Protein chains: 2
Amino acid sequence: MDSCPVSEAIISGTTKRGNDAPRPSMADVARLASVSLGTVSNTLNNPDKVSDSTRRRVLGAIAELGFVRNDAARSLAAGTSTTVGIVLADLGNSLFVDIARGAETALRRRGMNLLIADSAIDIDRQMNYLQTFEQARVAGIILAPLDSAIIEEPTRLTSTTPVVLVNYESRRHVYSDVVTDERRGGYLAARHLLDLGRRRIAFVGGPLFLTAVERRYEGARAAVDEVEGATLEFIETLGVNIKHGKQAGRQLAAASRPQLDGVVAASDLIAIGLIQVFEETPGFSVPRDIAVVGYDNNHFASESSIPVSTVSQPGEEMGGVAAGLLLDEIWGRAKSEKQTVVLPPTVIPRKSTLGDAWRRD
Amino acid sequence: MDSCPVSEAIISGTTKRGNDAPRPSMADVARLASVSLGTVSNTLNNPDKVSDSTRRRVLGAIAELGFVRNDAARSLAAGTSTTVGIVLADLGNSLFVDIARGAETALRRRGMNLLIADSAIDIDRQMNYLQTFEQARVAGIILAPLDSAIIEEPTRLTSTTPVVLVNYESRRHVYSDVVTDERRGGYLAARHLLDLGRRRIAFVGGPLFLTAVERRYEGARAAVDEVEGATLEFIETLGVNIKHGKQAGRQLAAASRPQLDGVVAASDLIAIGLIQVFEETPGFSVPRDIAVVGYDNNHFASESSIPVSTVSQPGEEMGGVAAGLLLDEIWGRAKSEKQTVVLPPTVIPRKSTLGDAWRRD
DNA sequence: CTGTTAGCGCCTTCAT
DNA sequence: ATGAAGGCGCTAACAG
């Protein structure tokens, strides 16, 4: 940068300048701009309470010094923070990335910003980050918790910081939460198959203690029960990843049971696993012999060579709504009752059910 | 939608303090434990300087009050923070998720924690989060910058906060950085094809002003030039997504030019796009007629129905190394010189080049 | 409009 | 081992 000839002698003893110059503070800015500390604060927080010329001078000093306001001090003094934290169960799952983006957008519009923490499917990390955020005194926290019975409502997640849950419904309604109607998602998936004329359907997914999986199964069950002569078989897997789908696929391919003509998978990954196995198995052409619908609208579900029909959860919307709920609480505009917002999933038909009738866009 | 009859009284009763009670402070804890403020601070930060019985009393009070230490005040007073921030170009890209995880693991081992910000391929957001982190006085920042000429070295990214770059090499070596050897990656990809006997190769990718793409191309060029009679054709795309791959694929499939037998794609997405088009085109069977190798080891590259051979960047390692470099700087253990750590990419052969010879583990 | 002055909650010597 | 006091950088009244 420039090397303006600063006279060291002129600088008063209070300001020491070593090789590692200390961060300039508002006091330094005030001094340079020949105004008082309060004025600097005002030009930063209440620009309209400062004359134009003064503000310009202050801003100039700020730039000259490379001053960056200390947010720790700020939120300590002001008692409020402008950032909210989001703790995500698994950044590897694009749904959570979508949720974060939705929240970020909504928050940014209201002048706040979002910091993300990744639990990486680890309950300890989740709890740790919850605490980190609370210690940092963020304005509020959005939590996309691990879906397992383990986190079943520890008395309170934070002592005071507002929290809203996303993609998980609090049993006790201690928190507001936004979820999708998993049951309806399962219903829609099965319904889609039924509408296509499929009648011998299987639901592949698990483990069943995962709330979402159970709900999706219930929904599929309900749809099948509505149709005369349709049957639903349940095939439990140990997880919702591709390998589980493959295992189930091999199992189905090997079995001599009556041929199925449709399957509802509890996740896109399972669906992809199934399809990969089916494609290598005579008599299991997808979707001719057997149609497959997944769940999640994982980004790559649409990119596999047989794009997977899927039930899409409105991730960004979920994040946006959660952010709104949280801000309501932060700003005290919240209704006294905690609310649960249920967002509708939608099915996105693709080649794995429609076949050649399907065209991308 | 059950309506379990929750008694509101019980809900509010779960809280030990009233709803509007202010957060307990260390002073409150001190009072309850009948010790002085300094002692509370010590039992928190220098446990060994406090008698066992006293500490127990203090800890008890903390639990009883649900006290959560104010990190803003702490880092203000102590002048040091225990959290570092990472700004990622695109959370939608699994490489960056890996980098974050690697960094997180390394940092956690050293008692620090990681907060993530997502630039979402938006330079404004990137800059904004850089500033947010600096304002929050994080101990340091890891930046995985947008790869574009635009960010070309604005004088300084932060005024004082230590920064290390990951997945991007600083021209001016103002920052330490950790990158992979893109050129070598391109070399390895082409080499892989050549080793398989392919000779008429195309490099598909772009735009060329993306540093990484350019380097990869150079590497591929070098490998091809080493082999007598091998040719390399360059096909520029407008981006590195699936659609770009498809466009290029259609272009190749339509052209009547001499048949290619191998292609190095600048990204897995391009590779997938190519493959999807090829699979629908007679005479373009993958890998029999034409072998395809991608780049990035995107999570789903291995999950497409024709698993894509790819060049893998060691994301977690990159994050871990970056975290190490950053901590060195934070703790003053850094060498005076900024360093550049170059990590080697590796090729992961899969079905798109090996064909049936390939078996998943 | 601008300057002054208390703290915000905690850490850190320095005595005791 | 414990207590008392000063100050970290900033905001928010309140005075001028």
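In what follows, every heavy atom counts, from backbone to side chain, and hydrogens, waters and symmetry copies are set aside. Everything quoted here is computed from the prediction, not taken from an experiment.
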Distance-only side-chain donor-acceptor flag, A:Thr161 / B:Arg23, under 3.5 Å: yes
Of the options C:dC8, D:dT11, D:dC8, whose atoms approach the side-chain atoms of A:Arg69 most closely? D:dT11
With a 4.5 Å heavy-atom cut-off, do B:Val58 and B:Val50 have their side chains touching? no
With a 4.0 Å cut-off on heavy atoms, is A:Val35 in touch with a base, just the backbone sugar-phosphate, or nothing at all? sugar-phosphate
Without decimals, in angstroms, what is the distance between B:Asp28 CG and C:dC8 C1'? 13 Å
Starting at NZ of B:Lys49 and ending at C1' of C:dT16, how long is that distance when rounded to a whole Å? 15 Å
Touch check for A:Asp71, heavy atoms < 4.0 angstrom, all strands: base, sugar-phosphate only, or nothing? nothing
Using whole Å, what does the distance between atom C1' of nucleotide C:dG9 and atom CD of A:Gln135 come to? 13 Å
Heavy atoms from C-beta onward define the side chain here; which of C:dG3, D:dC10, C:dC10 lies closest to that of A:Ser36? C:dG3
Do B:Val97 and B:Leu91 have side chains that get closer than 4.5 Å, going by heavy atoms? yes
B:Arg101/B:Asp98 ion pair, N-O < 4.0 Å: no
Side chain of A:Phe67 only, please: which of C:dG9, D:dC10, D:dA1 is the nearest? D:dC10
How far apart are the C-alpha atoms of B:Thr340 and B:Asp177, what are their side-chain angles, what is the distance that settles it, and do they pass the side-chain hydrogen bond (donor to acceptor under 3.5 Å, both in side chains) test? CA-CA 5 Å; B:Thr340 291; B:Asp177 38 38; 2.6 Å; yes
Just the rounded figure in Å: distance from P of C:dC10 to CG of B:Asn70. 6 Å
Taking D:dC10, C:dT2, D:dT11 as options, the one with an atom nearest any side-chain atom of A:Ala73 is D:dC10
Output yes when at least one side-chain N/O atom of B:Thr54 is less than 4.0 Å from OP1 or OP2 of D:dT2, else no. yes
Would you mind reading off the distance between A:Leu44 atom CG and C:dT2 atom P, rounded to a whole angstrom? 15 Å
Tell me what A:Gly38 touches on the nucleic acid: a base, only sugar-phosphate, or nothing, going by heavy atoms under 4.0 Å. base
Just the rounded figure in Å: distance from C1' of C:dC1 to CG of A:Asp52. 13 Å
Among C:dC10, C:dT12, D:dT11, the one nearest A:Asn45 by side-chain distance: D:dT11
Nearest to the side chain of B:Val50 - D:dT2, D:dC10, C:dC11? D:dT2
Any heavy-atom pair between the side chains of A:Gln131 and A:Met127 that's under 4.5 Å? no
For the pair made of CZ in A:Arg74 and C1' in C:dG9, what is the distance, rounded to whole Å? 17 Å
Base, sugar-phosphate alone, or nothing: which one does A:Leu37 contact when heavy atoms must sit under 4.0 Å apart? base
At under 4.0 Å between heavy atoms, what does B:Met26 touch on the DNA or RNA strands: base, sugar-phosphate, or nothing? sugar-phosphate
Remember a base hit wins even if backbone is also touched, and classify B:Ser41 as base, sugar-phosphate or nothing at under 4.0 Å, heavy atoms. base
Among C:dC10, D:dG3, D:dG9, which nucleotide sits nearest the side chain of B:Thr39? D:dG3
Expressed as a whole number of angstroms, how long is the span from A:Leu65:CG to D:dG9:C1'? 14 Å
